[in-house]
Chemist: 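To start, I am sharing the structure in question, which I have written as structure tokens.
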Amino acid sequence: MENARFRPLEYVFWACTLLPFLVTPSYLSLASQVAVTALFALSLDLILGYAGIVSLGHAAFFGMGAYTAGLIAKHYWTEPLSGLLVAAVSAGVLGYLLSHIVVRFRHLALIMLTMGFGLLLAEAANSASALTGGADGLQGFHVPGVLGFKFDMFGRAAYAYALAVLFLCFLVARRIIHSPFGLALRGIRENATRMPAIGAPTLAHLRKAYTIAAVIAGIAGAVLTHTTSTVSLETLSFGRSADVLVILILGGAGRLYGGIIGAIIYMVARDQFSGVNPQYWYFWIGLLLVAVVMFLPNGILGGLRALRKKPQ
Amino acid sequence: MALELPKGARYALIGPNGAGKTTLINLLTGMLAADSGTILLDGADITSLKPYQRVHRGLARTFQINTLFPRLTALESVTLAVLERDGHAHNWWRGLAAHRQAIDEAAGILRSLNIPDRETAELAYGQQRLLEIALALATRPRVLLLDEPGAGVPRDESAALFSAIESLSGELTILFIEHDMNVVFRFASRIIVMVGGRILLEGSPDEVGRDPRVREVYLGGHARAA
Amino acid sequence: MLSSLAGVLFDGFAYGMLLFLLSVGLSVTLGMMNFVNLAHCSFAMVGAYATFSLVGRHGWPFLATLPMAFIAAAVISVILERTLYRRLYRASDLDQCLFTIGIVFISIAVYAWFYTTEQQSVQVPDWLKGAQHVGAMSFANYRIFLVVIGLAITAALVLLVERTRFGAQVRAAVDNQRMARGLGIDVDRAFMFTFALGGGLAGLGGALSIQMVGLDPTFALAYLVYVLIVVAVGGLGSIGGSFAAAVVLGISDMAGKYYFPWLGAFLIYLVMVALLMWRPQGLFGKR
Amino acid sequence: MLRTSFVLAAALSAFSVNAQQTVKIGMPLELSGQFADTANQMLNGAKTYMKEHGDTVAGKKIEIITKDVGGPAPDVAKRLSQELVVRDNVDILAGFALTPNAMAAGDVSAEAKKFMVVMNAATSAVITKSPYMIRTSVTLPQVMETFGTWAATKGGIKQSYTMVTDYGPGHDSEAAFQSAFKAAGGTIVGSVRFPVANPDFSAFVQRAKDISPESIFIFIPGGAQPAALGKAFAERGIDLKKTKVLGSGETTAEAALKSMGDNALGIITAWHYDYMSKVPLNQKFVKEYQSVANGRNPDFFSIGGYDGMHAIYEALKKTKGNTDAQALVDAAKGLKWESPRGPMMIDPETRDVVQNVYIRRVEKVAGELVNVPFDTIPMVKDPAGERRKTQK
């Protein structure tokens, strides 16, 4: 049985997430967006890494959360924590509805259907510009801060907020992974044919996992909305779905920390490469991906684990 | 075709390759949809039930080719089956460790079949065949369908395997597919012979052994060779 | 109105031919080796920029550049296959995705470096401009040309696959790679040639598409979605499937936009979702 | 927390020492992805101005720091603007090809009190996001309402069918053209919107043809689409002598004309800049630009960047190098100058661009396709901005 207790390395890791406050205070805005992306990747990991659902349309839930949070701030109130809850619920409802279709499929059809629904939603948001602001982005709202802390240019409150939400969601995800339900998800990933033969309602499990992942993705989107006071179609775009998939695979799927490590490495690398070379940084990111697959197969965490095992 | 399995029976299902033995198991367990006909379990119609629902009614199976969870440990695999049986696998909030009973029960099943708790992919082949059975047993079946449990197991190990099967509760109805006639005649109380998708004959080992049609279609080769 | 529709449907068919050329290679290599090559459109871009360079900078006639577009893309794809891709055949699908997306990023940056990010176009001969008018119907010359090339290549591919030894090997490898190896077929070599052919056809498709959709370094990503849609709807490893899917998507997209323009952006995705829910393995797919 | 503020304070004081020698201009641009070319052209426009006028103004050295936003991503644009202010200590924010990015950066400009120059983003309301912002490009209502009025009056057109891309700027252009055209007595006989990602326009053009309207109004973003649309017109057999095609400058931009060929003859467009303009100032600009941009010709993104730098230089001259946002924006208000595009001004009230709108027709001049201007509406203010004024 996998041990559900926190390992020493995990304490060290989470302690390190506080370092940006002290060491790189001018990078806190970046850090907050890394935390949001990490949370988004974590939600994808729940379905991809643990239940084997490859999705190229996960931004649908991220964007749903982002727009819900934005619309609430614009039309009703700007207190973020309650907005976060509503955003989570709306993304979860969307996830639950789509799950009835999505989980019936596997392989390429699954990937393409998730992509198709994602693109349809993005197009719908573009068309409904009266509601969403269309290509100009949702305008006319400002989230001043959370619990009395102001979301300012330096990004202290933004990072604290994003990090706190990431950590809480991580605890929930970790709890799920180490629960009977988490074991069932791993069972589905390992062998979907066997599961019904041991009495497992596979589709019900997958629907539930998909809904939970949608909720967390929606929370990530809402945090982005709150910390930046912007929402745009980009939150729903194919590009964001593809990016988060790349980030999760880069970090290593099915390892809980893979999405977080992937988000840190991808976004910091992107920031540094594009700082040095704003026009051609794609080249270096491409090289990074190629090198990781060559030297650290199964993502950075997977590769490192294999390297550590080898000498023994 | 009509087929009835009385409680506690040890049935062997034999027939040449392509006779439809595995297909029969897939139909009974619902993994293939039946075009027509009914399947009753203890008098209740389970024809329209989904595969996992049939398992909950007490109909379990194993697979001819290992269909296991390679990167779960043996204990995790069997615990999962126990949890699914009791409906605890929906629980996503309490830790696994809180389900002590399920883990203990799974460990008991592994002990009884002499399966070490290692990652499934690292188990020896024979142990993996036993794990197939352990997974099915963990669902507490009333009827157990074993699809060539001894497939690929060396002869000396297969005897141990079938001894383990034989020692299972007498309440349990077992139907197994097997090609090794020694094993079939030693362990089965009844034998069903399938040919070309139909049941040719059902009877006691003696009756089947004597039947000329069986000798013709199935044992023919052996008879001539002998 | 009926004559307008005929014209629109013809245009959709021609558009479908372009989609077919761009995607058939990916369908076959995915079906054959289970290799997820998201960089397929980068090969199309290689062909497109080859044609652009030869026409625009070296003054070649457009038609003469088309074989060169094929060859350039085929050569690049074989070099990549021999040096890098073959190491990844045993890697997981996810690793293959990550690797080939890396190749896409690199190709975008490299082409932006050499050709800038400018939107490029090519000069085609005068006889490919304008349109033929039959009664009230009009058929653009370039689209007629696309349809002719598309049909000719489909016929050639079908003959190649159905009638030649190479084709038989490819079919065997797509059906069951292990069995094909058992029969003594050199699957690696068959795959290399298939890969070159698929890459070359993508290159040709890329070259032909400049006149329709323009060319800039983001081509490698912009058309990936459409190519994946054709491959998934057609079914893996099926030339006929890719052809049918490309034609169905091209025509339904065009006819849909004509009758229901307000649905324009949704059409191709709606059609894809409907077809995949009906046949998850694709129109002609076996798995 | 105490230490954090200390570090920040140290960083900020370092900046004020530094500021005595250089003025840093932070440009978060869309340098990769779909809009990479737009951003590159804009950046080259700014660089051309610096090449012509030197990199020192009012005793200060001008330094540009670019960042890549990667596309329409306001969250990234906002973060990069914040980082430019906090980490790189820039004095001025500039660039912004896309409206959502400009809107997001506007918040930073307002909060950090930084002078901001929008060099493209053309949605009218962008300018309201920060009191320290000016715009040197164009606004959609400025061109499209003007065009609508012109078409129904001087243009003598009675009917029009509108075709626009189905996204924010398309919707704005559609509304601006339709309302002005109707107000001036014209009739809209129908309308259609294209999807943003639309490789083939055949079906839409056929719809327009079925109605055979007197004129067709088009708004379509630059890139590959104008050429594809132009070809669809030719292929579907729309006779430009019978049906007048009206569009924005993107419709007949350089690349579009090149790939449309003679099909483009007769298209009428309203726009504020064309690189083929024979004005000497422009010819000098084009030559200089080509040497900066490896032979590329400038487009309206380039001129936005070029005039944006001009506004920054002139404002700095007026403030004698003071980079205080209020001082700079006050200096920029009412600036008037002769640009390669013609005379232009920063509206002292709205801080928005005031300029000529040229009505041009595609003609063949010495074997080359050229947008030939044949009418000018002088010094047009942003009509949407004027309406906002009266609302207040």
Side-chain angles (χ1 to χ4, degrees), chain A residues 48-49 54 56-57 101-102 104-124 126-127 238-239 242-243 245-254 262 270 273 277 279-294 296-299 302-303, chain C residues 30-31 34 36 38-39 84 87-88 90-113 116-117 217-218 220-221 224-225 228-229 231-233 235-236 262-277 279-282 285 287:
Chain A
L48 191 154
V54 186
L56 251 182
I101 300 174
V102 167
R104 297 177 178 277
F105 298 89
R106 299 243 111 195
H107 308 300
L108 191 58
L110 168 72
I111 299 174
M112 298 309 288
L113 283 172
T114 55
M115 186 189 90
F117 289 122
L119 288 166
L120 286 170
L121 192 69
E123 291 294 350
N126 179 48
S127 295
F238 173 72
D243 271 357
L245 190 61
V246 164
I247 283 168
L248 178 60
I249 305 173
L250 177 71
R270 185 187 150 157
F273 290 147
N277 200 337
Q279 273 148 316
Y280 306 107
W281 59 270
Y282 258 62
F283 182 83
W284 304 108
I285 280 279
L287 217 54
L288 172 74
L289 301 187
V290 166
V292 165
V293 176
M294 286 302 217
L296 297 170
N298 296 318
Chain C
L30 199 58
N34 240 332
V36 189
L38 296 181
L84 294 174
R87 297 164 192 232
L88 295 170
R90 281 150 192 265
S92 70
D93 292 359
L94 295 181
D95 270 349
Q96 292 173 356
C97 281
L98 195 63
F99 186 87
T100 53
I101 276 288
I103 299 281
V104 172
F105 285 176
I106 291 174
S107 73
I108 289 176
V110 166
Y111 275 96
W113 172 267
T116 78
T117 47
T218 57
L221 271 183
L224 183 59
V225 168
L228 287 175
I229 290 176
V231 170
V233 170
L236 292 185
W262 57 91
L263 266 180
F266 301 90
L267 274 164
I268 194 161
Y269 309 129
L270 285 175
V271 172
M272 174 193 79
V273 165
L275 287 175
L276 283 179
M277 284 175 69
R279 284 185 71 87
Q281 72 279 41
R287 282 166 288 178

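Below, chains carry the letters A, B, ... as their sequence lines are ordered, and counting in each starts from 1.
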Chemist: Quick one: of C:Ala91, C:Ser107, C:Ala265, C:Pro217, who has the most non-hydrogen atom pairs under 4.5 Å with chain A?
Modeler: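 The candidate making the most pairs under 4.5 Å is C:Ala265.
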Chemist: Is A:Leu110 close to chain C through its backbone or its side chain, or both, or neither, when contacts mean heavy atoms under 4.5 Å?
Modeler: neither
Chemist: Select one option (side chain, backbone, both, neither) describing which atoms of C:Leu88 are under 4.5 Å from chain A's heavy atoms.
Modeler: side chain
Chemist: Checking heavy atoms, do the side chain of A:Asn126, its backbone, both or neither come under 4.5 Å from chain C?
Modeler: neither
Chemist: Is there a side chain to side chain contact (heavy atoms under 4.5 Å, CB included) between A:Tyr282 and C:Val104? Walk through the geometry before answering.
Modeler: CA-CA 9 Å; A:Tyr282 258 62; C:Val104 172; over 6 Å; no
Chemist: Carefully, step by step, assess A:Val102 and A:Phe117 under the rule side chain to side chain contact (heavy atoms under 4.5 Å, CB included).
Modeler: CA-CA 9 Å; A:Val102 167; A:Phe117 289 122; 4.3 Å; yes
Chemist: With chain C, which of A:Leu113, A:Ile285, A:Leu120 has the greatest number of heavy-atom pairs at distances under 4.5 Å?
Modeler: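 It is A:Leu120.
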Chemist: Let me know if A:Leu48 has heavy atoms under 4.5 Å from chain C in its side chain, its backbone, both or neither.
Modeler: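 Only the side chain of A:Leu48 comes within 4.5 Å of chain C.
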Chemist: Against chain C, work out which of A:Ala291, A:Gly116, A:Gly299, A:Gly286 has the most heavy-atom pairs shorter than 4.5 Å and name it.
Modeler: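 When all of A:Ala291, A:Gly116, A:Gly299, A:Gly286 are compared, A:Gly286 has the most.
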Chemist: Evaluate the ring planes of C:Trp113 and A:Tyr280, with Trp represented by its six-membered ring, and classify them as parallel (under 30°), tilted (30 to 60°) or perpendicular (over 60°).
Modeler: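 Perpendicular: the ring planes of C:Trp113 and A:Tyr280 meet at over 60°.
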Chemist: Using non-hydrogen atoms and a 4.5 Å limit, figure out which bit of C:Ala112 sits close to chain A: side chain, backbone, both or neither.
Modeler: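 Both backbone and side chain.
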Chemist: Tell me, for C:Leu276 versus chain A, whether the close heavy atoms (under 4.5 Å) come from the side chain, the backbone, both or neither.
Modeler: both
Chemist: Picking from A:Ile111, A:Leu119, A:Val246, A:Leu250, which has the most non-hydrogen pairs under 4.5 angstrom with chain C?
Modeler: A:Leu119
Chemist: Taking atom CD of A:Gln279 and atom OG1 of C:Thr117, what is their separation to the nearest 0.5 Å?
Modeler: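 It comes to 7.5 Å.
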Chemist: When rounded to the nearest 0.5 angstrom, what distance separates CG in C:Leu30 from CG in A:Leu108?
Modeler: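 Between atom CG of C:Leu30 and atom CG of A:Leu108 there are 6.5 Å.
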Chemist: Against chain C, label A:Phe105 side chain, backbone, both or neither, depending on which of its atoms sit under 4.5 Å from a heavy atom there.
Modeler: side chain
Chemist: Name the member of A:Arg104, A:Arg106, A:Met112 that forms the most heavy-atom pairs with chain C at distances under 4.5 Å.
Modeler: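 Sorted descending by pairs with chain C, the first entry is A:Met112.
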Chemist: Can you tell me if A:Glu123 uses its side chain to pair, donor with acceptor, with the backbone of C:Phe266 under 3.5 Å?
Modeler: no
Chemist: Distance check, rounded to the nearest 0.5 Å: C:Ile268 atom CD1 versus C:Leu263 atom CG?
Modeler: 13.5 Å
Chemist: What is the distance from atom CZ of A:Phe238 to atom CG of C:Leu221, rounded to the nearest 0.5 Å?
Modeler: 7.5 Å
Chemist: Using the rule given for side chain to side chain contact (heavy atoms under 4.5 Å, CB included), can you reason through C:Leu84 versus C:Ile103, listing the C-alpha separation, both sets of side-chain angles and the distance that settles it, and then say yes or no?
Modeler: CA-CA 10 Å; C:Leu84 294 174; C:Ile103 299 281; 4.3 Å; yes
Chemist: Flag the one option from C:Val231, C:Val225, C:Leu270 with the top tally of heavy-atom pairs under 4.5 Å to chain A.
Modeler: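 Top option by heavy-atom pairs under 4.5 Å: C:Val225.
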